[in-house]
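Within every chain, numbering begins at 1; the chains are lettered A, B, ... in the order of the sequence lines, protein sequences first and strands thereafter. Owing to the predicted nature of the structure, the values given are computational and were not obtained by experimental measurement.
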2 protein chains.
Amino acid sequence: MKSPKSATKSIAAAAKASGAKVTLGMVAEACGVSPSTVSRILNGTAVVSQEKRDAVDRAIAELGFVPNPIARGLAGGRTLSAGVVTQAIDSPFYGVALRGIEEELSQVGYSPLFVSGHWNAKEEQRCIDVLRSRRVDGIIVLTGRLSDEALRKLAKEQPVVVTGRSIKAPGLYSLDFNDFEGARLATHHLLSLGHRQIAFIAGDPVHPDAQERLRGYRAALEAAGVRYKASLVLPGKFHEESGLMAVERLIDSREPFTAIFAANDQMAFGASLALYRRGLRVPEDVSLVGFDDLAGAAHSVPPLTTIHQAAHELGRLAAQSLLQMLAGQKPTAVLPEPRLIVRSSARPLQP
Amino acid sequence: MKSPKSATKSIAAAAKASGAKVTLGMVAEACGVSPSTVSRILNGTAVVSQEKRDAVDRAIAELGFVPNPIARGLAGGRTLSAGVVTQAIDSPFYGVALRGIEEELSQVGYSPLFVSGHWNAKEEQRCIDVLRSRRVDGIIVLTGRLSDEALRKLAKEQPVVVTGRSIKAPGLYSLDFNDFEGARLATHHLLSLGHRQIAFIAGDPVHPDAQERLRGYRAALEAAGVRYKASLVLPGKFHEESGLMAVERLIDSREPFTAIFAANDQMAFGASLALYRRGLRVPEDVSLVGFDDLAGAAHSVPPLTTIHQAAHELGRLAAQSLLQMLAGQKPTAVLPEPRLIVRSSARPLQP
DNA sequence: TTGTAAGCGTTATCAT
DNA sequence: ATGATAACGCTTACAA
């Protein structure tokens with residue numbers, strides 16, 4: 001019982017036996033150095049002699065020491081956690097992005113703190129407050145309703161990455177989708193298949209993406225010399241039920257159509273069901289194109305032709321960008337362009 | 001500038017102007033009481049005179065003070081956060097449960113900390129370590145692979161709620177699904193519709209739920225006097241693709257069948273697609289029943305008859321139970337029994 | 001009922 | 001290169 005090693009061992013044994021948490025101080029004591037030294041080794045804050053470094057590393061391993069992020073946070077340093085404002089934790093679209101964020105963050109020891117704003121600026125603000133009070137090192141906002149102004153203000157306190165809009169400010173990085181191009185692509189696909197009477201199920205116009213997608217639809221029509229008809233544009237709310245009702249209204253209106261472009265997959269699913277109920281087959285009677293390429297789109301009946309949005313990539317890039325800002329670098333990531341995924345729900349117009 | 005109120009106001013103004021965080025100490029100072037008094041009011045730890053209580057409340061409101069959970073946690077008390085071990089943050093089934101947890105927790109000021117174990121005991125253990133290092137007040141484990149033993153050990157440190165199994169231990173509360181009954185219900189439904197050749201797409205047998213659902217299928221068959229045929233049972237992996245492949249194999253095997261019961265909705269969707277590809281219609285040629293009642297089941301084509309699992313309720317109850325344990329009470333919540341949801345994917349066997 | 005003071009586990013700022 | 005020592009913002013004995 002004379003070597004430092006066995007001393008460490010006995011402390012380890014004691015710690016384990018008592019079930020007590022091992023602290024940085026205990027590690028320091030175990031190898032006869034000051035807490036500061038241990039801290040420096042942990043954080044690489046300063047140069048420490050190889051000798052002590054080894055001793056500390058060993059003690060950490062033997063004691064099973066895990067730094068306490070809570071204390072770290074209090075002491076003014078990092079909390080190693082990033083706040084993520086999403087709209088609903090169970091969103092089929094953003095869920096994939098959350099996974100991407102989690103993957104990227106956990107690789108470097110960061111933990112995401114997810115909070116849901118439910119498409120409501122007030123709730124989002126509350127989310128932000130929760131995150132701030134928890135002292136997150138940075139915040140990712142997935143396409144919220146918060147004003148650009150609020151975001152800019154927030155970015156003065158800590159790094160912020162926001163998706164779904166383009167906005168430049170110090171400490172703020174934005175990752176924008178090209179909704180316009182995606183919608184243009186989808187509409188163009190239907191047009192190239194010979195369709196001319198293409199209904200559009202729009203998203204809630206309070207979402208900028210909904211407006212952009214409508215713009216893309218109109219642009220494609222115009223480019224093809226097809227007249228825009230307001231009666232072919234149905235309001236929707238981005239969920240299945242609204243897609244279903246939109247198609248019911250459309251059919252009831254007796255406005256002729258041969259294809260439908262829904263501003264997202266969920267509404268496309270609803271539209272598909274409405275058509276089925278009315279005895280209309282997809283794609284034999286009506287062609288259908290969605291937007292988002294949700295996980296379920298590939299296995300719906302029929303598999304849905306849609307616009308792929310790189311949600312997983314979005315999450316990864318958002319996290320990477322935040323990490324870069326935290327490291328004092330300037331992020332440069334750009335979202336991949338939307339791609340048309342041709343499956344089986346749209347086909348050439350039969351003469 | 002003589003009344004206490006205006007003094008408070010000026011401090012508030014200063015705080016806002018400087019953008020500095022308002023601390024409990026500042027609140028105390030602003031109304032001339034000690035920090036402990038403010039703390040006591042905040043936590044209801046002791047009786048405080050109405051007079052001071054009012055003053056402090058006002059100061060809190062005026063200064064916009066928000067307690068710092070980090071410091072709270074360090075100070076030995078609660079962190080007001082609960083760890084949630086899920087399998088994948090974007091799981092269509094558990095996502096709904098996560099939402100339930102979040103709702104319930106946030107109502108009382110708790111924040112969930114979500115970590116994903118990816119159906120892997122080792123990763124789950126790492127998740128647990130992360131949660132412990134973050135000093136969560138309690139942990140919810142959604143149907144993981146962790147051994148009962150590991151859970152019991154964990155429960156000695158802090159309250160634990162686990163779903164998907166039945167296990168009794170101090171500090172541990174379990175919320176179990178009745179998978180057996182659900183599967184029995186589904187199979188019985190098909191049986192009562194006149195089907196006798198009912199294929200079963202099983203889940204991965206390493207999941208206890210998969211085994212239970214197989215048991216339920218067999219029990220229903222037996223009760224109806226229908227002989228169990230191993231060739232009608234196809235292995236699956238709980239995801240769409242495996243359901244699709246199972247049906248392809250089934251059809252190729254030339255084993256006659258008139259109905260399919262899939263051990264979860266995702267496999268049912270895959271099965272549906274396989275049938276579609278082979279020119280078999282649901283429900284005209286083959287009846288199909290799923291399990292889980294995912295969000296998409298109601299809007300699939302045709303809408304899927306399935307067993308409703310109360311995922312959202314599961315989340316809420318798990319959170320409530322944890323909160324009760326945290327409050328020193330004994331939880332009593334029990335999951336609702338599975339229910340058959342009749343939609344359009346199964347119909348009477350045509351003679 | 002209220003205040004004082006000692007932590008909680010870490011990092012940061014000085015010295016040395 | 002290393003070690004005291006003071007924060008960080010709050011809770012909680014212990015006093016009064």
Tell me, please, which residues at least two apart from [X] pass side chain to side chain contact (heavy atoms under 4.5 Å, CB included).
X	answer
A/Ser36	A/Ser34, A/Arg40
A/Asp176	A/Ser166
B/Thr23	B/Met26
A/Asp129	A/Gln125, A/Arg132

Quiz item: Separation of B/Ile60 atom CD1 from D/dC10 atom C1', in whole Å?
Solution: 13 Å
Quiz prompt | Whole angstrom value for the distance that separates C1' of D/dG9 from CZ of A/Arg132 | solution = 16 Å
Quick one: list whatever passes side-chain hydrogen bond (donor to acceptor under 3.5 Å, both in side chains) with [X], sequence neighbours left out.
X	value
A/Gln158	none
B/Glu51	none
B/Thr143	B/Tyr94, B/Thr163
A/Thr86	none

Exercise. Spell out protein contact along nucleotides 8-16 of chain C as letters: B when the base is contacted, S when just the sugar-phosphate is, - when no protein heavy atom is under 4.0 Å; keep the 5' to 3' order.
Key: BBBSB----
Practice problem: Sort and list the pairs that fulfil ring-ring contact (aromatic ring centres under 6.0 Å, His included) and have at least one residue in residues 119-158 of chain B, not counting sequence neighbours. | Solution: B/Trp119-B/His207
Quiz item: Checking A/Ser39 side chain against A/Pro35 main chain: does a donor-acceptor pair fall under 3.5 Å?
Solution: no
Practice problem: Give the angle between the helix axes at the two ends of the helix from C/dT1-D/dA16 to C/dT16-D/dA1, taking five base pairs at each end and rounding to 10°. | Solution: 40°
Exercise. May I ask you to list the residues of residues 322-329 of chain A, by number, that have any heavy atom positioned under 4.0 Å from an atom of DNA chain D?
Key: none
